[in-house]
Participant: 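Sharing a structure, written as structure tokens. Questions coming.
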There are 2 protein chains.
Amino acid sequence: MTTSFRRAPDFDRRTDLIEATMDCIVELGIQGTSVRAVATKAGVSNGLIRHHFASKENLIAEAYGRTIAIITGPPLAIAAGDGSPREKLRRFIIASISGPVAEPRILSLWATFISQVHINDRFREIHRTQYVAYRAACRSLIQGVVEENRVRISADELHHLSIALNAIMDGLWLEGCLSAEEIDAALQIEIGLGAVERLLGIKLGREVPA
Amino acid sequence: MTTSFRRAPDFDRRTDLIEATMDCIVELGIQGTSVRAVATKAGVSNGLIRHHFASKENLIAEAYGRTIAIITGPPLAIAAGDGSPREKLRRFIIASISGPVAEPRILSLWATFISQVHINDRFREIHRTQYVAYRAACRSLIQGVVEENRVRISADELHHLSIALNAIMDGLWLEGCLSAEEIDAALQIEIGLGAVERLLGIKLGREVPA
DNA sequence: GCCGTCACTATGCGATCGTATAGTCACTAT
DNA sequence: ATAGTGACTATACGATCGCATAGTGACGGC
């Protein structure tokens with residue numbers, strides 16, 4: 001009666017199911033992402049999802065967490081890492097608009113979750129936390145670069161520049177994802193670096209680590 | 001058996017239903033936006049929706065069209081209207097990040113549709129058309145301002161600046177909607193104008209029409 | 001080697017989905 | 001005044017939804 005199955009360690013299976021959920025959201029939309037669709041995508045029976053996740057809502061929330069990690073993980077790691085302020089800002093910009101985050105499927109996932117941030121408290125909390133962290137990174141990077149160049153700016157100016165930097169990163173990422181087939185990644189980076197240089201009035205350089 | 005009802009002109013009823021659909025998407029998410037939910041929101045029976053729209057998909061697509069019109073309508077009208085290049089760009093920026101478009105519900109709607117652009121041909125076409133129009137407006141406005149200031153830039157530079165202007169507008173709009181309660185509209189505009197001035201190296205002025 | 005544990009499948013329940021259809025009544029044209 | 005039109009309600013159908021439950025078999029501890 002029961003067909004054979006492979007047993008997977010708990011962690012692996014959970015990860016599989018979360019990624020299957022993300023696939024479904026991308027391919028079917030959130031309204032097409034049923035428990036059964038996720039199970040089929042993951043190659044398991046639908047009952048298994050309830051075994052690993054208390055509810056569908058929990059599963060979706062974990063998919064949001066994973067998505068956010070893909071988006072802000074690399075740039076935040078750079079901002080928190082080593083290097084000169086100028087170099088860090090340069091790499092922060094590149095990580096914010098290219099690499100894994102620049103895949104259209106990530107935009108699709110992000111848009112799905114963002115559209116529901118205001119009606120789902122858990123989503124709101126996830127968003128809030130990451131938003132604050134990213135903005136703080138923008139602020140700290142700008143402050144570092146400005147000090148490095150011995151430029152004096154007011155706290156208000158710093159705040160405004162942080163918002164503007166954040167906006168440019170978001171906007172370029174958005175545009176890049178939405179027309180990924182026609183905008184070259186290197187060009188995208190060049191535009192991003194150029195825009196931030198003009199915004200701050202500071203040269204970031206273009207040297208690529210060998 | 002049948003309760004009484006008011007008859008509405010065809011156009012009014014269609015508009016009502018489209019707006020009820022938008023309300024539902026904002027309040028319930030796309031997955032909660034059922035034909036019955038829309039009908040209840042509009043105060044009519046669920047059968048009426050099928051009478052006015054061939055399918056639920058058609059109804060949703062019209063809601064997307066209406067959303068896009070709210071977002072790009074005002075700035076595109078300014079770009080196509082009268083005025084000096086500098087003044088038009090200034091008003092274009094303001095219309096792109098403040099006014100009706102800056103309401104969080106609009107972002108919610110936009111994100112809902114954007115998340116499905118790649119899996120729905122009609123969505124893709126609506127998006128494509130508006131995207132091209134907005135980008136062209138950015139390009140034409142920058143060209144106008146640059147010529148007005150007797151600055152010479154290459155076609156490539158114009159292209160890059162258009163992308164960057166587009167990105168700043170998108171990003172500031174996004175940020176403004178996502179934290180509407182804590183970012184002042186006037187400050188948002190000031191940041192936008194300032195960022196574009198630095199991007200182009202040109203002063204836009206701040207005079208407000210009395 | 002067998003035994004208990006739990007990851008896993010299979011199946012069913014009630015609710016709700018989009019859509020189809022039949023009938024009703026508000027309104028217009030004459 | 002009345003007949004015709006179509007905007008509108010009411011209801012039903014089959015599919016599919018999230019979730020619950022019962023049972024099965026893979027695998028580690030002994």
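Here is the naming used below: chain letters follow the sequence lines, and residue numbers restart at 1 for every chain.
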Participant: Given atom CZ of A/F53 and atom P of C/dA7, what is their separation to the nearest angstrom?
Facilitator: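 In whole Å, C/dA7 P lies 13 Å from A/F53 CZ.
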
Participant: What is the distance from CG of A/L48 to C1' of D/dG18, rounded to the nearest Å?
Facilitator: 15 Å

Participant: Please report, rounded to the nearest Å, how far the P atom of C/dG18 is from the CD atom of B/E57.
Facilitator: 12 Å

Participant: Under a 3.5 Å threshold, yes or no: a donor from one side chain and an acceptor from the other, between A/Y131 and A/T72?
Facilitator: no

Participant: Between B/H51 and D/dC8, does any side-chain N or O lie under 4.0 Å from OP1 or OP2?
Facilitator: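 The answer is no; no side-chain N or O of B/H51 sits under 4.0 Å from OP1 or OP2.
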
Participant: Backbone N or O of A/E182 within a donor-acceptor pair of the A/S179 side chain at under 3.5 Å?
Facilitator: no

Participant: Is there a side-chain contact between A/H118 and B/S108 in this structure, where contact means two heavy atoms from C-beta onward sitting under 4.5 Å apart?
Facilitator: yes

Participant: Separation of A/D12 atom CG from D/dA26 atom P, in whole Å?
Facilitator: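 Whole-Å distance recorded here is 19 Å.
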
Participant: Give a yes or no answer on whether the side chain of B/Q116 reaches the backbone of A/G29 with a donor-acceptor pair at less than 3.5 Å.
Facilitator: no

Participant: Looking at B/D184, I want to see if its CG is surrounded by more than 12 non-hydrogen atoms of other residues, nucleotides or ligands under 6.0 Å.
Facilitator: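 Counting other residues, nucleotides and ligands, CG of B/D184 exceeds 12 neighbours.
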
Participant: Do any side-chain nitrogens or oxygens of A/H52 fall under 4.0 Å of OP1 or OP2 in C/dC6?
Facilitator: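 The answer is no; no side-chain N or O of A/H52 sits under 4.0 Å from OP1 or OP2.
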
Participant: Looking at A/W173, A/F123, A/Y64, which hits ring pair (Phe, Tyr, Trp, His ring centres under 6.0 Å) with A/W110?
Facilitator: A/W173

Participant: May I ask you to list the residues of residues 24-37 of chain B, by number, that have any heavy atom positioned under 4.0 Å from an atom of DNA chain C?
Facilitator: B/T33, B/S34, B/V35, B/R36

Participant: Can you tell if the side chain of A/L76 reaches within under 4.5 Å of the side chain of A/Q130, non-hydrogen atoms only?
Facilitator: yes

Participant: Of A/S45 and B/G47, whose nearest nucleotide on DNA chain C comes first from the 5' end?
Facilitator: A/S45

Participant: Using Watson-Crick or G-U wobble pairs with both distances under 3.5 Å, give me DNA chain C in dot-bracket, 5' to 3', with [ ] for crossers and | for pairs to another strand.
Facilitator: ||||||||||||||||||||||||||||||

Participant: Whole Å only: how far is the CG atom of A/N46 from the P atom of C/dG12?
Facilitator: 13 Å

Participant: Distance check needed: C/dC6 P versus A/R13 CZ, whole Å only.
Facilitator: 17 Å

Participant: Just how far, in rounded Å, is P of C/dT19 from CD1 of B/I60?
Facilitator: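 About 10 Å, once rounded to whole Å.
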
Participant: Got more than 12 heavy atoms from elsewhere within 6.0 Å of CZ, A/R66?
Facilitator: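 12 or below, so no.
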
Participant: Has B/K88 got a side-chain atom pairing as donor or acceptor with B/G144's backbone, closer than 3.5 angstrom?
Facilitator: no

Participant: Whole angstrom is fine here: how far is it from CZ in B/R14 over to P in D/dG6?
Facilitator: 16 Å

